[in-house]
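Please read these numbers as outputs of a predicted model, since none were measured by experiment.
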Amino acid sequence: MADVPLPRVLSGIQPTADSFHLGNYLGALRQWVQLQETAEAFYCVVDLHAITADWDPAALRRNSLVSAAQLLALGVDPDRSTLFVQSHVPEHLQLSWVLECVARFGEASRMTQFKDKSQRDGAAGSSVGLFTYPVLMAADILVYQADQVPVGDDQRQHLELTRDLAIRFNGRFGETFTVPTGFIPEAAARVMDLQSPDKKMSKSLPPAGCVNLLDDPSVTAKKIRSAVTDTGREVVADAVNKPGVTNLLAIHSALSGRSIAELEEQFAGRGYGDLKKELAEVVTDFVTPVRARTLELLDDTAELERILAGGAARARAVAVRTVAEVYDRAGFLAPAAGPGVSGAGA
């Protein structure tokens, strides 16, 4: 019986912060590690997406390395996955321009994330890149002919745009792109802010509610002990009436592997303080080796850059073929072969 090829998966994360947080891990990155078993995985640090708003060049360069180191520390294996930095693969941008010319202005205008972000600064203060980045995101996916894309609710609209652009190009120029499907991995957890449990954990909220993977473990433990709880003392999951306790139980369950029901039984008759104390231990036991491994990787940036260069080479081997086919079907003249000449059509 012939081997069935694994589905190809593409996912990326922005290097906009100096540390990932627990929500990033439990909501997405843990699934990246698991998908290595069942998919041909392409994972990228999407630094091009990190410049749609004002940025600091030195911080971007540093955070790109820190992001890659954290992915490796969390279990992304460069021998089983293709791990790379987005800007190291210029085919993303080559394809993005073609897709921008296939996309419609009205489609881009309807993207809710652009509307939300541009409302803060107004149209005059928003970059063109902020407007068009969903098309670049489509190029990120389509350039690898990805079959599946793990998505959260906030990215579903962007995936639909990707599918629409792939179908439109295929219909006009012939079957070229794989039309990807989205999925939310079963193990994905929605982690809420420790101080505002009605909101997702985020760097945009005050730091007291966000558990950063690279924080000193003592800082992490203090944040958990200071987490907002609810009225009463009973440790039970009730998202409506006890959002704070429910969030703490969900984090414990996700990291310890124990069910919510088991934890409710364990803490029956005990108070919130006992739950927080144990959760602080569970979380610090998890983040301590991740932090240590990340710092170890960052001590040898030459090796880290070697890993990323290898990943970029593997990514380009796929991306170049896609762009060559797209450019040919779009009607671009292939460059003439010659010494030192290369291009999408070469």
Side-chain angles (χ1 to χ4, degrees), residues 9-16 28 42-55 60 85-184 200 202-204 315 319 322-323 325-327 329-332 344:
V9 170
L10 181 284
S11 201
I13 189 165
Q14 288 195 37
T16 50
F42 285 72
Y43 296 140
C44 60
V45 176
V46 287
D47 55 343
L48 297 173
H49 288 291
I51 66 169
T52 58
D54 288 344
W55 73 97
L60 176 61
V85 174
Q86 182 189 27
S87 63
H88 292 176
V89 183
E91 287 74 21
H92 288 243
L93 294 170
Q94 290 177 299
L95 179 57
S96 183
W97 174 249
V98 176
L99 295 180
E100 284 184 41
C101 296
V102 172
R104 299 292 174 255
F105 185 84
E107 289 174 314
S109 300
R110 288 192 293 273
M111 296 293 107
T112 55
Q113 286 207 20
F114 168 73
K115 288 192 286 190
D116 292 345
K117 292 177 180 178
S118 62
Q119 281 175 356
R120 290 200 296 266
D121 298 322
S126 300
S127 71
V128 174
L130 180 64
F131 184 69
T132 60
Y133 88 91
V135 183
L136 176 57
M137 188 179 296
D140 298 337
I141 297 165
L142 297 178
V143 80
Y144 298 108
Q145 306 288 1
D147 299 293
Q148 299 176 342
V149 183
V151 290
D153 288 337
D154 58 340
Q155 296 296 337
R156 286 185 181 278
Q157 191 183 32
H158 293 157
L159 180 63
E160 282 307 309
L161 176 65
T162 301
R163 289 172 51 82
D164 290 344
L165 295 179
I167 292 168
R168 189 175 303 153
F169 189 95
N170 289 351
R172 182 174 176 187
F173 300 107
E175 290 298 316
T176 307
F177 294 119
T178 299
V179 180
T181 58
F183 71 102
I184 299 178
K200 278 179 66 175
S202 170
K203 289 278 194 176
S204 63
T322 299
V323 169
E325 184 175 3
V326 169
Y327 274 32
R329 295 195 174 198
F332 294 141

*Mind checking whether Leu136 and Leu99 have side chains closer than 4.5 Å, heavy atoms only?*
no

*So do the side chains of Val149 and Gln155 get within less than 4.5 Å of each other, counting heavy atoms only?*
no

*Heavy-atom pair of closest approach, residues Leu165 and Ala103*: CD2-CA, 3.5 Å

_On a heavy-atom basis, which atom in Val135 and which in Ser96 lie closest, and how many Å separate them?_
CG1-O, 3.8 Å

Using 0.5 Å steps for rounding, measure from the [atom1] atom of [X] to the [atom2] atom of [Y].
X      : Y      : atom1 : atom2 : answer
Phe177 : Thr162 : CZ    : OG1   : 10.5 Å
Leu48  : His88  : CG    : NE2   : 9.5 Å
Trp55  : Leu60  : CH2   : CG    : 8.5 Å
Phe42  : Gln145 : CZ    : CD    : 10.5 Å
His158 : Tyr133 : NE2   : OH    : 4.0 Å
Met137 : Thr132 : CE    : OG1   : 11.0 Å

_Tell me whether the rings of Phe131 and Phe105 are parallel (<30°), tilted (30 to 60°) or perpendicular (>60°)._
tilted

Side chain to side chain contact (heavy atoms under 4.5 Å, CB included) partners of [X], counting only residues at least two apart:
X      : value
Phe183 : Leu35, Gln148, Pro150, Pro185
Ala319 : Val89, Glu91, Val143, Tyr144
Arg104 : Glu107, Arg168

_Checking side-chain contact (heavy atoms from CB on, under 4.5 Å) between Thr178 and each of Asp147, Ile141, Leu142, which is the one that passes?_
Asp147

*With respect to Pro180, which candidate in Leu10, Leu159, Val151 satisfies the side-chain contact (heavy atoms from CB on, under 4.5 Å) definition?*
Leu159

*Expected output: side-chain Gln14 to main-chain Ile51 donor-acceptor under 3.5 Å*: no

*Is it true that a side-chain atom of Arg172 and a backbone atom of Ala330 form a donor plus acceptor pair closer than 3.5 Å?*
no

_Does atom NZ (Lys200) have a neighbourhood of more than 12 heavy atoms from anything else shown, all under 6.0 Å?_
no

